[in-house]
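For reference, the structure discussed in these notes is given below.
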Amino acid sequence: MFSRAALLTAQRPLTVAATRSAAAAAAPGGAIERRQRPEHPGKVRLGFVPEEWFQFFYNKTGVTGPYTFGVGLITYLCSKEIYVMEHEYYSGLSLGIMAVIAVKKLGPVIAKWADGEIDKIESEWKEGREAELKVLSDAIEAEKKEQWRADGALLLMDAKKENIALQLEAAFRERAMNVYSEVKRRLDYQVECRHVERRLSQKHMVNWITTNVLASISPQQEKETLNKCIADLSALALRVKAA
């Protein structure tokens, strides 16, 4: 008797919902208005029923559909004695109530403690990650500095090559100047030798001519020449006085 009354009570909202749906369909436009609930994926209701199930029933039967289906299903299982309410049922009910109370009372404390532990672990991981990133960034900066030093080494090598080229050029010019000086000194020596030989030849020739000329002049010719020179000088003196 109790089960029949419960079944009738559960079926009454279904009849009312069906009547309202038919009236809405017969209205102008024939559109059935249902309340749209926002979808929240990942959330649950009543502690274990997924939100997607309620959204499915909302779209099929309206807002009261899930609750009517749940009450009707429980009434059917109990009335047909498919689910027998023996002492284990009451034990399970007691355990369920205790579990709910434990969740309500101890859940926030445990959740806060677990969140604190999670935050602590996350902060440690974050610190390790930041430390690793800092080490890697320092390694990158060091590598860039080494590359810059390598570029400086290349510039230094180019400068050394240029310095060596300048040293070679200076050595070449110095040796060329030494060659020029030696050649000029030897050429000057040859020129001086030729000048000395020419002077010696001229001196020898002058001495030879003078000796031969003096040897060819007799004492009488020398005396006559001397008298003639004296006479010429006397005549020249007279001309100077007369002028």
query: Between Asn207 and Lys203, is there a donor-acceptor pair closer than 3.5 Å when you use the side chain of the first and the backbone of the second?
result: yes
- prompt: Quick one: CD on Glu197 to CG on Leu200, what's the gap to the nearest 0.5 Å?
  reply: 8.0 Å
query: Could you give the distance from CG (Asp188) to NE2 (His195), rounded to the nearest 0.5 Å?
result: 10.0 Å
Check against side chain to side chain contact (heavy atoms under 4.5 Å, CB included), Met157 and Lys161: CA-CA 6 Å; Met157 186 64 67; Lys161 289 181 180 180; 3.9 Å; yes
message: I'd like to know if Arg185 pairs up with Glu182 as an ion pair, taking the criterion as any Lys NZ or Arg NE/NH1/NH2 lying under 4.0 Å from an Asp or Glu carboxylate oxygen.
response: yes
- request: Show the numbers, then the answer: is there a salt bridge (Lys or Arg N to Asp or Glu O under 4.0 Å) between Lys145 and Glu141?
  value: CA-CA 6 Å; Lys145 186 178 290 185; Glu141 293 297 329; over 6 Å; no
field: Gap separating the OG atom of Ser123 from the CD atom of Glu130, nearest 0.5 angstrom
entry: 10.0 Å
query: Between Glu192 and Arg199, is the closest basic N to carboxylate O distance under 4.0 Å?
result: yes
- request: Quick one: name the residues clustered hydrophobically with Val191, using the 4.5 Å side-chain heavy-atom rule over I, L, V, M, F, W, Y, and just say none if it's on its own.
  value: none
message: Is the shortest side-chain heavy-atom distance between Glu124 and Lys120 below 4.5 Å?
response: yes
- request: Look at the side-chain heavy atoms of Ile, Leu, Val, Met, Phe, Trp and Tyr, link any pair under 4.5 Å apart, and say whether Leu187 and Met177 land in one connected group.
  value: no
statement: Taken to the nearest 0.5 Å, the spacing of Cys193 SG from Arg186 CZ works out to 13.0 Å
- request: Please report the closest heavy-atom contact between Thr68 and Thr64, naming both atoms and the distance.
  value: OG1-O, 2.8 Å
query: What pairs with Arg175 under salt bridge (charged side-chain N to carboxylate O under 4.0 Å, His left out), at least two apart in sequence or on another chain?
result: none
message: Please report the interatomic distance CG(Leu156) to NZ(Lys160), rounded to the nearest 0.5 Å.
response: 4.5 Å
query: Same hydrophobic cluster for Leu93 and Leu77, using side-chain heavy-atom links shorter than 4.5 Å among ILVMFWY?
result: yes
- prompt: Hey, is CD on Glu162 packed in by over 12 heavy atoms from elsewhere, all under 6.0 Å?
  reply: no
Side-chain heavy atoms of Leu168 within contact of Phe172, under 4.5 Å: no
task: Taking only Lys NZ, Arg NE, NH1 and NH2, and the carboxylate oxygens of Asp or Glu, determine whether Glu146 and Arg149 approach each other closer than 4.0 Å.
output: yes
- request: Could you list the residues that satisfy salt bridge (charged side-chain N to carboxylate O under 4.0 Å, His left out) with Lys134, not counting sequence neighbours?
  value: Asp138
query: How long is the span from the CD1 atom in Ile209 to the CG atom in Asn212, to the nearest 0.5 Å?
result: 8.0 Å
- prompt: Same cluster or not: are Trp113 and Leu106 linked, directly or through other Ile, Leu, Val, Met, Phe, Trp or Tyr residues, by side-chain heavy atoms under 4.5 angstrom apart?
  reply: no
